[in-house]
Trainee: 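Take this structure first; my questions come after.
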Protein chains: 2
Amino acid sequence: MIEARHLRVLRAVAATGSFSAAARELGCTQPAVSQQMKALEQSTGTPLLIRTGREMRLTEAGEALVRHAAGILAGLTAAEEEVAALAGLRAGRVRLVSFPSGSSTLVPTALAGLRAAHPGTRVSLVEAEPPRSVEMLRGGDCEIALAFRYPQAAADVDPAAGWDDLVVRPLLRDRLVVMVPHDHRLAGAGTVGIGELAEEPWIAGCPRCRRHLVEVCEAEGFTPRIDFATDDYPAVVGLVGAGLGVAVLPELAVECVRAKGTATLEVKPAVRREVVALTLPDLARVPAVAATLDRLELAARR
Amino acid sequence: MIEARHLRVLRAVAATGSFSAAARELGCTQPAVSQQMKALEQSTGTPLLIRTGREMRLTEAGEALVRHAAGILAGLTAAEEEVAALAGLRAGRVRLVSFPSGSSTLVPTALAGLRAAHPGTRVSLVEAEPPRSVEMLRGGDCEIALAFRYPQAAADVDPAAGWDDLVVRPLLRDRLVVMVPHDHRLAGAGTVGIGELAEEPWIAGCPRCRRHLVEVCEAEGFTPRIDFATDDYPAVVGLVGAGLGVAVLPELAVECVRAKGTATLEVKPAVRREVVALTLPDLARVPAVAATLDRLELAARR
DNA sequence: TGAGTTTACGCTACACGTAACTATC
DNA sequence: GATAGTTACGTGTAGCGTAAACTCA
């Protein structure tokens, strides 16, 4: 088995015509070069260099080896370059999966920062919810999954139940607020207890949010009457604005929607959801992934 | 500094998807593989493999490295072969990959001649079809790949599409013939047009042959009813002999099968397939490879 | 429980550098 | 005698295999 290191030395010897000069060029001692060439000749089973007095000449086999060495060493340095680019964030692709309408501000901010700092990295974004997004993560279809959970959720609906072997990077804890039509009796109240809304028609969000809403209300002793349910946050806001009901929404989601005709109220016993980034342990050490996670955290801290 | 030995191991791991399987393939213990990969990841400074439960997956950097590895290792083996040949050992080893049941006469004839002329050269034979055989060629797992193509094939199924950087040595152009049961109405006709067999049940060969058969028939305005399809040429002949249908076969394949109970007919607008030998430019200059190619050509011209 | 991966440990082997020796001009 | 190459030797490191711990299906 020919070793690349030997080829590097052979090439230097061929270029300089001397072991000593090659040693100087390679930054090692001259006996080291001598030994390497001896080892190479032994592993190929044929002489490569002709030591005629003081000068060094190549045999035909030596010539052949030097000829091949060029391509092989070029391939090796190309491989090193490419890996170094990936390791040094001059290249790299990160596939991000986010829950729908979840991070209208978070993801763009993070990606803008990442692009500014490392123009070579490319990030793609797809929308999916756990457990689908976690499947994608495990299946190699993405590197980072954004998800959220309700810290007090019952174990059987908590998606975090399956996250034991994942790297979970908490990004932010988002307060939930109640949104009511602007002419609602509580519109000016500032804060409200969930129990005060027992008789209201509700507009719910995604299935998990809906389930969570029901849990919270039942803890307050009533079952909410849910007239509408949609994944689409702007649509929820529109429905509230049209006076069709009340809703709970993550504060962050409210910030980036023009909430015409509505008023928002703090919920008295504060309810929060936690937004986290998930990845695999090995992927967390991939530079482009680590950088993206850092940027997401940075964007969340803003 | 990336070492070639590491690349060899990485490639085996990528190909098998497991450290244990790679170790078996490489003839070493599994912890050795584990250590080599650890060392490679350390020397590149970035994770290359994702250990997710039981399966091994490559990171982007790992993919890049495997991509480069093919060329580097092919270069190394080419260099080794050339030096070995120049050393006068004539212990040149040529690994030949042929499409299945393709060259029952061609390969044996060529190898017999080669052995007579150069007793030192050893040739091994494995069966695989393009694109697998071409992958083996590029990956350094063989020196010569035998393949065939239909000159009129549509570009998207023509394997020659990926042969731009290979040395393509045409060996022979093989006429296709139609084989029918001996009591078939056309058994004595001598020649036949494909269109006359529109209503027959067909027995097809390998997937690519089958695709080609459908193409040819559709050019004649009908879709063949294919009742059986098998890679095994003697089996095809047996099915025809049993009266279960008609088939098209390469003339060479018919010659070396006892075609009991069948009759063969020339196809009126002649259809041919082209059998070629593929190798890499560097390998084409290795004496043992060159000699094998020459012998193949000679055997085909016979 | 079983297959697969990692970790720990002892061993060997290899490669380097220093230093002494040899050979050529 | 000076420059270049080889040989000899001590040291450090790196890789392997065996064996044991660990993990996921």
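Lettering of chains follows the sequences in order, A, B, ..., and the numbering in each one begins at 1.
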Trainee: Find the distance B/Met56:CE to C/dT5:C1' and express it as a whole number of Å.
Mentor: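 In whole Å, C/dT5 C1' lies 7 Å from B/Met56 CE.
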Trainee: Between P on C/dT5 and CD1 on B/Ile50, what's the gap in Å once rounded to a whole number?
Mentor: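 So the CD1-P distance, B/Ile50 to C/dT5, works out to 15 Å.
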Trainee: Establish, yes or no, whether the cationic atom of A/Arg273 lies under 6.0 Å from the six-membered ring centre of A/Tyr150 and within 45° of the ring axis.
Mentor: no
Trainee: When you measure from every atom of DNA chain D, which of residues 27-37 of chain A have a heavy atom less than 4.0 Å away?
Mentor: A/Gln30, A/Pro31, A/Ser34
Trainee: So that I can tick it off, tell me whether B/Arg57 and A/Asp282 are bridged by a salt bridge, with the cut-off set at under 4.0 angstrom between side-chain N and carboxylate O.
Mentor: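 Between B/Arg57 and A/Asp282 there is no salt bridge, as every charged N stays at least 4.0 Å from the carboxylate O atoms.
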Trainee: Contact between B/Leu40 and B/Leu65 at the side-chain level, heavy atoms closer than 4.5 Å - yes or no?
Mentor: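 SC-SC contact between B/Leu40 and B/Leu65 confirmed.
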Trainee: Provide, to the nearest angstrom, the distance between the CZ atom belonging to B/Arg8 and the C1' atom belonging to D/dG15.
Mentor: 17 Å
Trainee: Between A/Glu41 and A/Lys38, does any side-chain N to carboxylate O distance fall below 4.0 Å?
Mentor: no
Trainee: Does OP1 or OP2 of C/dT5 have a side-chain N or O of B/Ser20 closer than 4.0 Å?
Mentor: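 True: B/Ser20 side-chain N/O within range (under 4.0 Å) of C/dT5 OP1/OP2.
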Trainee: Could you check how far CZ of B/Arg5 sits from C1' of D/dC16, rounded to whole Å?
Mentor: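 Rounding to the nearest Å, CZ of B/Arg5 and C1' of D/dC16 are 11 Å apart.
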Trainee: A quick test of your reading: do over 12 heavy atoms of other residues, nucleotides or ligands sit less than 6.0 Å from CZ of B/Arg67?
Mentor: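 More than 12 within 6.0 Å, yes.
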Trainee: If we fit an axis to the first five pairs and another to the last five of the helix from C/dT1-D/dA25 to C/dC25-D/dG1, what angle do they make, to the nearest 10°?
Mentor: 30°
Trainee: Please report the distance, rounded to the nearest Å, between CD in B/Glu41 and P in C/dT5.
Mentor: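 Roughly 13 Å, once rounded to whole Å.
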Trainee: Rounded at 0.5 Å granularity, tell me how far OG1 in A/Thr292 sits from CZ in A/Arg169.
Mentor: 10.5 Å
Trainee: Return the value, rounded to whole Å, for the distance between atom CZ of B/Arg57 and atom P of D/dC24.
Mentor: 15 Å
Trainee: For A/Glu63, does the CD atom sit with more than 12 other heavy atoms under 6.0 Å from it, leaving out its own atoms?
Mentor: yes
Trainee: Does OP1 or OP2 of D/dT7 have a side-chain N or O of A/Lys38 closer than 4.0 Å?
Mentor: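 Yes, A/Lys38 has a side-chain N/O under 4.0 Å of OP1/OP2 on D/dT7.
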Trainee: Specify the separation, in whole Å, of atom CZ of B/Phe19 and atom P of C/dT7.
Mentor: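 Taking CZ of B/Phe19 and P of C/dT7, I get 11 Å after rounding.
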Trainee: Is the cationic atom of A/Arg208 (NZ for Lys, CZ for Arg) positioned less than 6.0 Å from the six-membered ring centroid of A/Phe148 and within 45 degrees of its normal?
Mentor: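 Flagged: A/Arg208 positioned over aromatic ring of A/Phe148.
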Trainee: Would you mind checking if B/Glu60 and A/Arg122 are paired as a salt bridge, meaning a charged N to carboxylate O distance below 4.0 Å?
Mentor: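 Looking at A/Arg122 and B/Glu60, the cut-off is not met.
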Trainee: Without decimals, in angstroms, what is the distance between B/Met1 CE and D/dA14 P?
Mentor: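 So the CE-P distance, B/Met1 to D/dA14, works out to 15 Å.
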